[in-house]
Undergrad: 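This is the structure, below, for whatever I ask next.
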Amino acid sequence: MSNLVDFRTCPTTGLRVDKSAENLIKANAVAAVVFLSIGGLFGLLVALTRWPAVHFLPADWFYLALTAHGLDVLLVWIIFFEMAVLYFASAILLNSRLAGPRWAWTGFGLMLAGALITNVAVLRGQSSVMFTSYVPMQAEPAFYLGIILFAVGALIGCFVFFGTLVIAKQARTYEGSIPLVTFGALTAAIIAVFTIASGAIILIPTLLWSVGLVSHIDPLVYKTIWWAMGHSSQQINVSAHVAVWYAIAAMVFGAKPLSEKVSRMAFLMYILFLQLASAHHMLVEPGFSPEWKIFNTSYAMYLAVLGSMIHGMTVPGSIEAAQRARGLTKGMFEWLRKAPWGNPAFAGMFMSLVFFGFIGGISGVVMGTEQINLIMHNTLYVPGHFHGTVVAGTTLAFMAITYLLVPLIFRRELMMKKLASWQPYVFGIGVAGISLFMMGAGTLGVSRRHWDMTFADAQLPFDYPSAAYLMMGLNGIFAVLAAIGGLMFIVIVVGSVFFGRRLGQDEKPEYPEVPPQSAAVGHYGSSETLRIPGTVFLVGIFFVAFVLYYFVNWKYLSEVWPLS
Amino acid sequence: MAITPPSERIWWRQPIARVELIWICLAFTWGLIMFFMMIYWHGAGQQNLSSEAYQIKPERFAERAQAMIDNYQVREENGFPVVRPPAGSDVYLIARLWQWWPILELEKDQSYRLHLSSMDYQHGFSLQPVNINVQVHPGYDMVMTLKPDQAGEFGVVCNEFCGIGHHMMVGKIYVVE
Amino acid sequence: MTETSDSEEAVSPDPSGQDSIPLMQRVLDNPFLLLVLGIAVPAVFYIIWGIIEITQIPIAD
Ligand code: HEM
Ligand SMILES: [Cu+2]
Ligand SMILES: [Cu+2]
């Protein structure tokens with residue numbers, strides 16, 4: 001069998017690279033970036049419209065653009081890229097051939113067709129229902145059909161990943177357990193299977209309803225199962241971008257996990273409990289008991305949050321340990337000061353880690369608290385929170401690893417290196433800005449998905465506080481910054497992939513400087529001697545911020561009208 | 001490295017560094033605190049959404065609301081009836097494209113059983129500037145006991161997308177001394 | 001599949017063989033067990049329990 005497979009040997013890592021896996025990674029990554037640029041453009045238009053002084057789009061276009069933005073970035077960009085991550089973490093890292101490349105191409109084709117069909121449906125204007133498409137609001141059948149095809153394609157991709165794990169194990173292409181990054185990708189793939197199954201359970205009946213074959217879909221049941229897909233897909237992102245953090249730490253620093261056991265148990269917490277957080281969206285719906293809400297919204301006593309907090313320490317901790325082992329031992333932070341801040345892969349990864357923790361993570365846990373959700377549900381706080389997770393966290397991490405994939409997989413030298421070294425900062429700061437200002441506006445009550453915060457055409461007057469207008473203006477400014485950062489990324493990556501200098505067969509790219517295994521720190525000493533004071537300090541700050549912000553919001557809650 | 005198989009075959013037996021262990025214990029404890037905080041608030045806090053709800057046909061809900069309006073309307077404003085139901089009574093607020101119907105006038109520091117339901121799509125009840133936000137579904141009557149503790153004029157914004165008139169859907173609640 | 005990993009153990013430097021691989025490590029090394037768990041837990045606690053609660057919402061009199 002394997003003699004039919006076309007391999008090349010990677011000059012940097014010495015790994016055997018299955019050409020068909022490589023081509024699939026390329027195709028999925030390119031499709032991802034194309035949809036990121038379309039979806040990002042819609043995001044900019046939305047943000048400019050929500051900037052009161054600009055108020056760019058008319059109402060119908062605003063709702064259309066918002067629907068397209070949510071779909072193209074959240075679903076299409078992220079999931080295409082995740083397919084690339086799955087193939088990379090299985091076939092490439094395990095040194096194996098990819099299982100069923102034909103199937104993988106079929107999946108890719110279905111995803112592409114589905115994404116195009118849904119986009120066309122949205123652009124035709126009769127499907128401005130937001131990507132959540134809550135019933136009984138109805139979109140054109142093609143809208144649901146496209147999403148279903150896309151999901152089926154992604155499911156095939158997951159099975160190709162599982163198949164590759166089996167093949168690699170049988171062919172003994174590696175010794176012992178799968179690498180941690182592959183384990184993280186496995187976590188993502190497992191959550192993806194649940195996500196897609198939930199999507200099928202609810203969207204197939206909805207498609208039938210839209211063509212008149214089913215008469216009624218209960219809105220509460222729809223919403224419950226829809227979020228089993230909608231929120232779980234965010235958990236795919238979390239698992240995938242944590243895996244990407246570990247991968248970048250390994251490729252740039254040769255960092256070794258502090259403890260395989262701890263990191264893998266943290267991923268296990270994700271597998272078991274992360275998806276329960278779908279209940280975050282159901283905290284102010286009619287009829288659910290407090291028991292159901294509390295158990296699910298807390299991921300069974302915050303065990304998945306425990307997982308994230310562990311990764312939040314072990315990722316920077318492993319970098320610190322690797323740097324210290326290399327002699328950067330002065331003071332608490334020499335390891336961090338002398339980190340390669342000009343390498344966009346590292347800079348993007350580190351900002352992704354910090355912003356995901358401080359902005360997306362803390363706000364998510366606070367908003368997902370059963371009672372506190374009352375003062376945030378469906379306000380702009382919600383998009384503020386998830387631009388901290390899925391944009392500053394996932395998207396930035398995926399951008400960061402793309403800088404490593406261009407030379408390793410596309411075999412092209414990165415172009416415009418100077419611009420590239422700025423890109424993560426521009427995009428990261430822009431996104432951190434929109435996250436924080438949308439959260440601020442939400443705290444002042446401003447509604448999400450809303451064309452006119454002045455209510456000029458309403459039958460009854462109402463005014464938001466003037467601070468809210470300021471927030472939305474600042475949001476607009478930072479959205480422009482984020483959009484510039486996004487554009488930089490696209491120009492650099494598309495330019496390099498199509499016009500960058502081809503690397504010679506045995507040529508090692510300038511970066512990633514993948515340190516040889518031996519340089520990697522085999523042992524960080526026994527449990528007694530591990531020293532990571534800088535990381536301890538950082539997670540200490542994180543912890544204090546978390547606790548303070550959590551209780552401040554209980555204080556806010558306690559000030560609203562009593563209700564029971 | 002994280003991109004290569006673990007260097008020890010049996011990594012499960014590797015000891016865990018002390019800092020890591022401390023952090024795990026701290027994070028776990030914090031998780032428990034946050035978990036029990038929600039339970040604690042059900043007993044000690046005053047802001048807990050009730051889980052009381054009923055399945056109801058939109059027409060049936062509209063009838064009940066109309067009965068309340070017929071009984072307790074005190075005036076009209078911009079074409080909306082203003083209703084002042086007695087303290088402690090059942091109060092109905094209809095969400096429909098694109099209105100919150102009727103305008104309610106409540107007394108400060110009195111409790112009301114507020115019923116919310118939609119006639120068509122989902123809507124979002126967003127009481128401003130108090131900032132209480134709950135989802136309103138068609139076919140379900142959600143009941144909560146609400147006790148305004150400030151007097152004044154409050155807006156009810158719709159914060160769930162409900163079609164092209166979504167941004168025009170504003171209602172009003174008066175709270176009088 | 002588990003068999004493969006067991007025989008692999010024979011060539012690995014650890015002389016004590018497969019029995020010495022701790023249970024928890026074997027769980028974490030078994031993707032399909034993890035897949036089943038990762039689907040079962042949210043299906044039971046979130047979806048099934050949640051749908052049961054919805055169906056138990058009483059009908060207004
Ligand atoms: C240039 C970058 C971006 C800008 C300026 C931007 C801005 C915005 C704004 C202003 C909103 C509207 C909030 C509202 O009115 O409710 C929004 C919604 C949203 N954004 Fe972004 N965004 C960007 C990138 C992204 C990315 C990369 C993702 C996902 C990976 C994303 C996911 C979403 C989602 C899911 C929504 C919610 C749509 C809905 O409510 O249906 N955004 N974004
Ligand atoms: Cu509405
Ligand atoms: Cu609305």
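Proteins get letters first, then strands, A, B, ... in listed order; numbering begins at 1 in each.
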Undergrad: For each of Gly445(A), Ser447(A), Pro562(A), tally heavy-atom pairs with chain B at distances under 4.5 Å, and name the one with the top tally.
TA: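 Ranked by contacts with chain B, first place is Pro562(A).
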Undergrad: Below 4.5 Å from any heavy atom of chain B, which atoms of Thr314(A) appear? Answer side chain, backbone, both or neither.
TA: side chain
Undergrad: Check each atom of Met376(A) against the heavy atoms of chain B and say whether the ones under 4.5 Å are side chain, backbone, both or neither.
TA: backbone
Undergrad: Counting only non-hydrogen atoms closer than 4.5 Å, does Tyr246(A) touch chain B with its backbone (N, CA, C, O), its side chain (CB onward), both, or neither?
TA: both
Undergrad: Got a sec, which residues hit ring pair (Phe, Tyr, Trp, His ring centres under 6.0 Å) with Phe35(B), two or more places apart in sequence or on another chain?
TA: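 Listed in chain order: nothing, the list is empty.
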Undergrad: Go through the atoms of Glu153(B) and report whether side chain, backbone, both or neither lie under 4.5 Å from a heavy atom of chain A.
TA: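 Neither the backbone nor the side chain of Glu153(B) comes within 4.5 Å of chain A.
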Undergrad: Checking heavy atoms, do the side chain of Ile103(B), its backbone, both or neither come under 4.5 Å from chain A?
TA: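 Answer is side chain: those atoms of Ile103(B) sit under 4.5 Å from chain A.
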Undergrad: Please confirm whether the ring centroid of Tyr40(B) lies under 6.0 Å from the ring centroid of Trp554(A).
TA: no
Undergrad: Heavy-atom pairs under 4.5 Å with chain B: which of Arg264(A), Arg449(A), Gln371(A), Lys293(A) has the most?
TA: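 Ranked by heavy-atom pairs under 4.5 Å with chain B, first place is Gln371(A).
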Undergrad: Of the backbone (N, CA, C, O) and the side chain (C-beta and beyond), which part of Thr379(A) lies under 4.5 Å from a heavy atom of chain B, both, or neither?
TA: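 Looking at Thr379(A), backbone and side chain both touch chain B.
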Undergrad: Ion pair present between Arg96(B) and Asp120(B), side-chain N to carboxylate O less than 4.0 angstrom?
TA: no
Undergrad: The test is side-chain contact (heavy atoms from CB on, under 4.5 Å); show your working for Leu283(A) and His377(A) and say whether it passes.
TA: CA-CA 8 Å; Leu283(A) 296 174; His377(A) 176 76; over 6 Å; no
Undergrad: Which region of Val536(A), side chain (C-beta onward) or backbone (N, CA, C, O), has a non-hydrogen atom less than 4.5 Å from a non-hydrogen atom of chain B, or is it both or neither?
TA: side chain
Undergrad: Quick one: what part of Ile532(A) sits under 4.5 Å from any heavy atom of chain B, side chain, backbone, both or neither?
TA: side chain
Undergrad: Take Gln459(A) and Asn78(B) through the test side chain to side chain donor-acceptor pair (under 3.5 Å) and record every step on the way to the result.
TA: CA-CA 7 Å; Gln459(A) 285 168 287; Asn78(B) 290 2; over 6 Å; no
